[in-house]
Every structure is written in C-alpha cells, then in structure tokens.
Amino acid sequence: MDTLHSIDKSRIPQHIAVIMDGNGRWAKERGQDRVYGHHEGVVSVRDIVNTCGEIGVQYLTLYAFSTENWNRPQEEVNALMELLVNTIRKEVEELKKNNVRLHVIGDFLSLPDICQKELNEAVEMTVMNTGLNLILALSYSSRWEIMEAAKKFAVDVQSGKADIDSLDDEQFAKYLTTSAFPDPELMIRTSGEHRISNYLLYQLAYAELYFTPVHWPDFRRENLLLAIQDYQQRERRFGKTSEQIQKNLTRHV
Ligand code: IPE
Ligand code: IPE
Ligand code: MG
C-alpha cells in the first residue's frame with residue numbers, strides 16, 4: 001500500500017514548485033560524470049509529471065536552469081541545453097497524450113535558438129491540453145523577474161496605462177512571468193540544501209517549504225506523495241491565530 005491511501009484527495013495542492021537539486025552529487029557518488037546525473041534526473045521529471053497528473057495537481061513548476069547556472073563550466077551548460085532539446089523532442093507526444101500543457105518562464109531569449117524553437121513548438125502543440133500545467137523555469141531567476149516586472153510597470157505608468165497609487169500586490173503579480181498561474185502552496189527542494197536560490201521569491205510568500213535529503217534522480221512518486229502528506233499535516237495560518245483557523249474549519253464542515 002503506498003502513501004496515496006493516506007492522502008486527503010480533497011486537499012491536494014493546486015500548485016507545487018520544485019527545485020530539482022542534487023543531480024551532480026548523485027552522479028559523483030556513483031563515480032560518474034555530473035551530466036549522467038542530469039540524464040537520470042529526466043527520469044524523475046517524467047515520474048513526477050505523471051504522478052501530478054494522476055492525483056490532480058493542476059500546476060507543477062520545475063526549476064530546471066537558473067540565471068546563475070550560466071556560470072557553470074561551458075561543457076556542463078552545453079550538455080544541459082542539449083539534454084533539454086532532446087528531452088522536449090522525445091517527450092512532447094507523451095505530454096500531448098497525457099493532456100499536459102507546457103509553459104516556460106524565464107529569460108527565454110537568452111536560451112540557444114534551437115532550445116527556443118523546440119520549446120515554442122512544444123508549447124504550441126500542447127496549448128489545447130486541459131490537464132496538468134507543466135511550467136519549466138529556464139534561465140530563470142526571481143530577481144530578474146521582479147526587475148522585469150518593475151520595468152514593465154514603469155512603462156505602463158509612463159504611457160498612462162497604469163497608476164502608481166492603485167498598485168497593489170495582486171496587480172503587481174500580473175507583471176510577473178507567472179501571471180497566469182496561482183501561487184504555489186508547496187515548494188519542494190531535494191538534496192538537503194535549505195535555501196531558495198533565487199526561485200519564485202514573490203510567489204512563495206506563503207508556500208509551505210519541504211526539504212528532503214533525497215537527490216533529484218532518486219526523487220520519485222512515493223517521495224512526492226510523502227511531501228504532500230507532510231504538507232497536509234501543516235496548519236496554514238496566513239498571519240491569523242490557530243484558533244481563528246480552527247473556528248473557520250468547523251464552520252465549513
Ligand atoms: C540540479 O542539480 C540541476 C541543475 C541545477 C541544472 P545540480 O547540478 O545542482 O547538482 P548538485 O547540486 O551539484 O549535486
Ligand atoms: C538551483 O540549483 C537551480 C536549479 C535547480 C535549476 P543550484 O544547484 O544551481 O543552486 P545553488 O547554487 O546550490 O544554490
Ligand atoms: Mg545544485
């Protein structure tokens with residue numbers, strides 16, 4: 001019996017964000033090159049995407065390549081870009097079949113042309129799908145995103161389309177790359193690091209954070225279910241008291 005049986009199906013997070021970390025260390029532990037870890041990481045991506053689709057998660061955002069990752073050795077960057085192109089090419093039919101809609105957030109134009117082309121095609125091919133929204137964060141960093149949003153807002157103010165005094169957090173969120181998606185309720189980071197690494201800083205304001213020592217290539221369906229189980233045991237208070245939350249819960253039963 002897997003953990004699925006002990007999960008409350010009515011309280012599955014709508015949006016899960018993941019920092020897929022530990023591919024390099026996973027490979028090193030096996031005496032392999034870091035790139036081998038990235039390849040094995042793709043197997044986990046497939047498994048987690050399928051599981052999310054199966055249990056009814058609506059949005060899954062995966063941190064696949066950060067702005068800072070451009071500073072890695074050139075061979076590793078090249079290998080990652082090549083893996084991205086090959087994976088998208090190979091998986092797009094499967095995404096279509098499984099009703100998964102692909103989205104990309106990040107500094108799209110900084111990606112190599114071939115990546116842009118494959119991604120554009122895959123996004124286009126899955127645009128009619130109504131199941132899981134799979135959001136790949138590529139060449140993404142939150143500070144970049146927030147700065148871009150601030151610039152776009154300033155342009156709208158200059159042209160008279162927006163008004164400084166009426167700006168609130170909801171309106172500001174419309175300028176972010178994630179404007180079409182709700183905020184994640186759960187953020188998972190693998191491989192034992194306890195940091196956010198420039199990921200969705202605005203959107204994670206009230207997310208529950210889950211850290212596991214498991215490296216990404218070992219993170220599979222059961223690990224995800226355990227994370228969701230842990231999430232379901234938390235009390236999300238949003239600044240209120242526990243008593244207020246409990247009172248509201250009993251009122252709605
Ligand atoms: C995550 O694994 C994948 C990317 C950042 C692209 P890492 O490559 O960061 O693996 P570690 O953290 O060095 O083990
Ligand atoms: C974060 O992982 C980025 C991705 C998972 C794509 P890193 O491995 O790059 O993060 P740091 O540098 O250890 O914080
Ligand atoms: Mg890492």
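All figures in this text were calculated on a predicted structure; none of them were measured in a lab. Just follow the structure's listing: the first ligand is 1, and inside any ligand the first atom is 1. For reference, positions follow the sequence shown, starting with 1.
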- Could you tell me which atoms of ligand 1, counted from 1 in the order shown, lie closer than 4.0 angstrom to a heavy atom of His38? 3 (C), 8 (O)

- Message: I'd like to know whether Glu235 forms a side-chain contact (heavy atoms from CB on, under 4.5 Å) with Ile245, so could you lay out the CA-CA distance, the side-chain angles of the two residues, the decisive distance to 0.1 Å, and finally the verdict.
- Response: CA-CA 8 Å; Glu235 182 177 62; Ile245 303 296; 4.0 Å; yes

- Query: Does Lys161 NZ have over 12 foreign heavy atoms under 6.0 Å away?
  - Reply: no

- Task: Kindly assign one of parallel, tilted or perpendicular to the pair Tyr175 and Phe172, based on the angle between their ring planes and the thresholds 30° and 60°.
- Result: tilted

- For atom NZ of Lys240, is the number of surrounding heavy atoms from other residues, nucleotides or ligands below 6.0 Å larger than 12? no

- Message: Between Asn98 and Val100 (side chain of the first, backbone of the second, donor and acceptor by atom type, cut-off under 3.5 Å), is there such a pair?
- Response: no

- Is it the case that more than 12 heavy atoms not belonging to Gln14 sit under 6.0 Å from its CD atom? yes

- Note on the structure: Result, protein N, O or S atoms below 2.8 Å from the Mg ion (ligand 3), excl. waters, equals 1

- Query: ligand 2: which residues have a non-hydrogen atom closer than 4.0 Å?
  - Reply: Ile19, Met20, Asp21, Tyr63, Ala64, Phe65, Ser66, Asn69, Arg72, Arg189, Arg195, Ser197

- Spell out, yes or no, whether Val18 and Ile135 are grouped together once hydrophobic residues are joined by side-chain heavy atoms under 4.5 Å, including indirect joins. no

- Query: With a 4.0 Å cut-off on heavy atoms, does Arg34 reach ligand 1?
  - Reply: yes

- side-chain contact (heavy atoms from CB on, under 4.5 Å) with Arg221: of Asn223, Leu225, Leu224, only one passes, and it is Leu225

- Task: First locate atom CD1 of Ile48, then atom CG of Leu134, and finally report the distance between them rounded to the nearest 0.5 Å.
- Result: 12.0 Å

- Please walk me through it: do Thr212 and Leu226 pass side-chain contact (heavy atoms from CB on, under 4.5 Å)? CA-CA 10 Å; Thr212 168; Leu226 286 171; over 6 Å; no

